[in-house]
Number of protein chains: 2
Amino acid sequence: MTTAEENYLKAIYHLSEGGKKSVSTNDVAGAMKTKPASVSDMLRKLGEKEVIEYRKYYGVHITDEGKKQALQTIRKHRLWEVFLVDKLNFAWDEVHEVAEELEHIQSPLLIQRLDAFLNYPKFDPHGDPIPDEFGDVKAKPRLVLNEMEIDQMGQIVAVKDSSAAFLKYLDKVGAYIGARIKILDKTDFDGSIEILVDQKKNLFMSKEVAANILIQQS
Amino acid sequence: MTTAEENYLKAIYHLSEGGKKSVSTNDVAGAMKTKPASVSDMLRKLGEKEVIEYRKYYGVHITDEGKKQALQTIRKHRLWEVFLVDKLNFAWDEVHEVAEELEHIQSPLLIQRLDAFLNYPKFDPHGDPIPDEFGDVKAKPRLVLNEMEIDQMGQIVAVKDSSAAFLKYLDKVGAYIGARIKILDKTDFDGSIEILVDQKKNLFMSKEVAANILIQQS
DNA sequence: TCATTTTTTTAGTCTAGGCTAATTATTATT
DNA sequence: AATAATAATTAGCCTAGACTAAAAAAATGA
Ligand SMILES: [Mn+2]
Ligand SMILES: [Mn+2]
Ligand SMILES: [Mn+2]
Ligand SMILES: [Mn+2]
């Protein structure tokens, strides 16, 4: 698999995650920031490699083999992110782009040793689970913050958006992975919410922000 | 610079190292394991970027700017090799191929942090000096083992060949960076030599092997 | 249902980096 | 100095991965 193929397959995997059976050409183009015409071409190639099932005009469905390969790339991406944050003192908003390159280095030994060196981490700096070498991820149920009800409580365990802009914003307002939160108020009009962080700090946030924060109930 | 351009420029830099003013198309093709026709094409491109001076039919000369860029790639390569050996417990014969990929990751911050994490190493696992961030290398005079005379002494400080085959051979016979050696005998007929390692072990080696071992006199 | 809109694919073009075969320049040898 | 050998370049082709414009299929909705 080339770097481009790995990136496409990973995008298709992520687009399929919400349990969607099929992913459209336009969806992939959006995720990859390429044109639909380029996507059609790539889908044909990935179809021939049998990592996806591709029916012209009807979108694409990732195969078990494809899922396995995508999870390997994701594993590598997240392990490198842990390395950058834990060992090289990168901030959590600085790691995504570099990991996007590092994930394509081809060396099973490297990843095995890196995993050991990092002490077999289970989550990356954004709270996302790291698949094991067989592609198994232990997924605990998580809620999206903007869908929680008043008085519900929980802990921030992950973010959906790993862009520097979003993560810097969270840093600024004091939201972080592990923070204990409680829903204080919700505004029907715009969907914005008010939460209590660590039993001491009130925090208002827009629906857009809350929709990118994942909560686990304790 | 693309990965391919970086690899070519590095090869040209290494081929120029012996003080040779100009490097031939065939030399580059040999080092890169590509055909001369492909090299001609690349030389034109590198010439346009002014990292080399290219006169058709008369070989190529690396510019100061080219040297600077090559040294940055070499710096990255060698830092990654140190990381693999010191932190991930790779053997010195296992690192070259992986470093060949890692050296192309584009992130100045990454290299700066990696350097600090490794405690600013001055040499890679093969004894080669690591250029600093300005491209400066501190080069101490080194002799090639097969050119030394009987009774001369010194320390193995580096190897010229970083292939797994060669390094595994050195492991097997007990030669390593840092070993103190003394020339016991030389055979004119085939250039083979006998050395004493660490004042206790006699070691015979062919001219070919000795020609890839670098000695610093103490 | 049938026309319009939207989505997707195809056709054709481009660049990077390879290749082979043919040509040309340089170097070596009579 | 002329010819032969060698080295290097050019010409033409290929694949991967992008793109635009045109064509075709599917979805929408009057
Ligand atoms: Mn990537
Ligand atoms: Mn992440
Ligand atoms: Mn390389
Ligand atoms: Mn090395």
Side-chain angles (χ1 to χ4, degrees), chain A residues 1-13 15-16 20-62 66 69-70 73 97 100-101 103-106, chain B residues 1-16 18 20-62 66 69-70 73 97 100-101 103-106:
Chain A
M1 293 259 285
T2 65
T3 291
E5 287 171 341
E6 285 181 353
N7 283 334
Y8 269 98
L9 190 60
K10 197 157 60 91
I12 293 165
Y13 175 87
L15 289 166
S16 318
K20 299 177 60 181
K21 62 212 113 266
S22 97
V23 174
S24 75
T25 298
N26 267 356
D27 289 346
V28 177
M32 292 297 297
K33 292 166 185 194
T34 54
K35 303 290 166 181
S38 310
V39 174
S40 286
D41 236 49
M42 184 55 90
L43 294 184
R44 190 186 39 69
K45 278 190 283 188
L46 293 176
E48 280 164 12
K49 299 204 168 167
E50 309 202 2
V51 292
I52 60 172
E53 254 174 72
Y54 174 44
R55 282 179 50 222
K56 272 183 198 175
Y57 292 103
Y58 290 93
V60 90
H61 181 286
I62 192 162
Q69 293 197 228
T73 308
E97 299 306 312
E100 202 55 53
E101 291 187 50
E103 69 188 359
H104 304 290
I105 304 290
Q106 302 294 354
Chain B
M1 293 259 286
T2 67
T3 291
E5 287 170 340
E6 286 181 352
N7 284 333
Y8 270 97
L9 190 60
K10 197 157 60 90
I12 293 165
Y13 174 86
H14 284 311
L15 289 167
S16 318
K20 300 177 59 181
K21 63 211 112 266
S22 98
V23 173
S24 75
T25 299
N26 268 355
D27 288 347
V28 176
M32 292 297 298
K33 292 165 186 195
T34 54
K35 302 292 167 179
S38 310
V39 174
S40 285
D41 236 49
M42 184 54 91
L43 294 185
R44 191 185 37 71
K45 278 190 282 189
L46 293 176
E48 281 163 13
K49 299 203 167 168
E50 310 202 2
V51 291
I52 60 171
E53 253 174 72
Y54 175 43
R55 281 180 52 222
K56 272 185 197 173
Y57 292 102
Y58 290 93
V60 91
H61 181 286
I62 193 163
Q69 291 196 226
T73 307
E97 299 307 311
E100 203 54 54
E101 291 187 50
E103 70 188 359
H104 304 290
I105 304 289
Q106 302 294 354

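Naming convention: chains lettered A, B, ... in sequence-line order (proteins, then strands); numbering from 1 in each chain. Just the heavy atoms: all of them, side chains too, but no hydrogens, waters or symmetry mates, feed the values below. It should be emphasised that the depicted structure is a prediction, and the values quoted were computed from it without experimental measurement.
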Check the phosphate of [N] against [X], side-chain N and O only, distance under 4.0 Å to OP1 or OP2. Yes or no?
X: A:K45; N: D:dT15; answer: no
X: A:N26; N: C:dT6; answer: no
X: B:S38; N: C:dC19; answer: yes
X: B:T2; N: C:dG17; answer: yes

Could you tell me the separation between the [atom1] atom of [X] and the [atom2] atom of [N], rounded to a whole number of Å?
X: B:R44; N: D:dT9; atom1: CZ; atom2: C1'; value: 11 Å
X: A:L43; N: C:dT10; atom1: CG; atom2: P; value: 11 Å
X: B:E5; N: C:dG18; atom1: CD; atom2: P; value: 10 Å
X: B:Y8; N: C:dA16; atom1: OH; atom2: P; value: 14 Å
X: B:D41; N: D:dT15; atom1: CG; atom2: C1'; value: 15 Å
X: B:Y54; N: D:dA7; atom1: OH; atom2: P; value: 16 Å
X: A:R55; N: C:dT8; atom1: CZ; atom2: P; value: 13 Å

Tightest non-hydrogen contact, residues A:I62 and A:S16, listed as CG2-OG, 4.2 Å
Locate the shortest heavy-atom distance separating B:A31 from B:L15; write the atom from each residue and the value.
CB-CD1, 4.1 Å
Which listed nucleotide ([options]) is nearest to the side chain of [X]?
X: A:A4; options: D:dA18, C:dT9, C:dG18; value: D:dA18
X: A:T25; options: D:dG17, D:dA11, C:dT8; value: C:dT8
X: B:M42; options: D:dA8, C:dA11, C:dG17; value: C:dG17

Just checking A:S40: base, sugar-phosphate only, or nothing, at a heavy-atom cut-off of under 4.0 Å?
base
Provide a list of protein-nucleic acid N or O atom pairs under 3.5 angstrom, restricted to nucleotides 24-29 of chain D.
residue: D:dA26; atom: OP1; partner: A:Y58; partner atom: OH; Å: 3.1

Nearest 0.5 Å, what's the [atom1]-[atom2] distance between [X] and [Y]?
X: B:L9; Y: B:T2; atom1: CG; atom2: OG1; value: 10.5 Å
X: B:Y54; Y: B:S22; atom1: OH; atom2: OG; value: 12.0 Å
X: A:M32; Y: A:M42; atom1: CE; atom2: CE; value: 7.5 Å
X: A:T34; Y: A:Y8; atom1: OG1; atom2: OH; value: 3.5 Å
X: A:I52; Y: A:L46; atom1: CD1; atom2: CG; value: 4.5 Å
X: B:N7; Y: B:H104; atom1: CG; atom2: NE2; value: 3.5 Å

Close approaches to DNA chain C from residues 27-36 of chain A, in residue order (heavy atom, under 4.0 Å):
A:P36
With no hydrogens and no angle check, just 3.5 Å: does a side-chain donor-acceptor pair link B:E6 and B:Q106?
yes
Run the numbers on B:I12 and B:L43 for side chain to side chain contact (heavy atoms under 4.5 Å, CB included), then give the verdict.
CA-CA 10 Å; B:I12 293 165; B:L43 294 185; 3.9 Å; yes
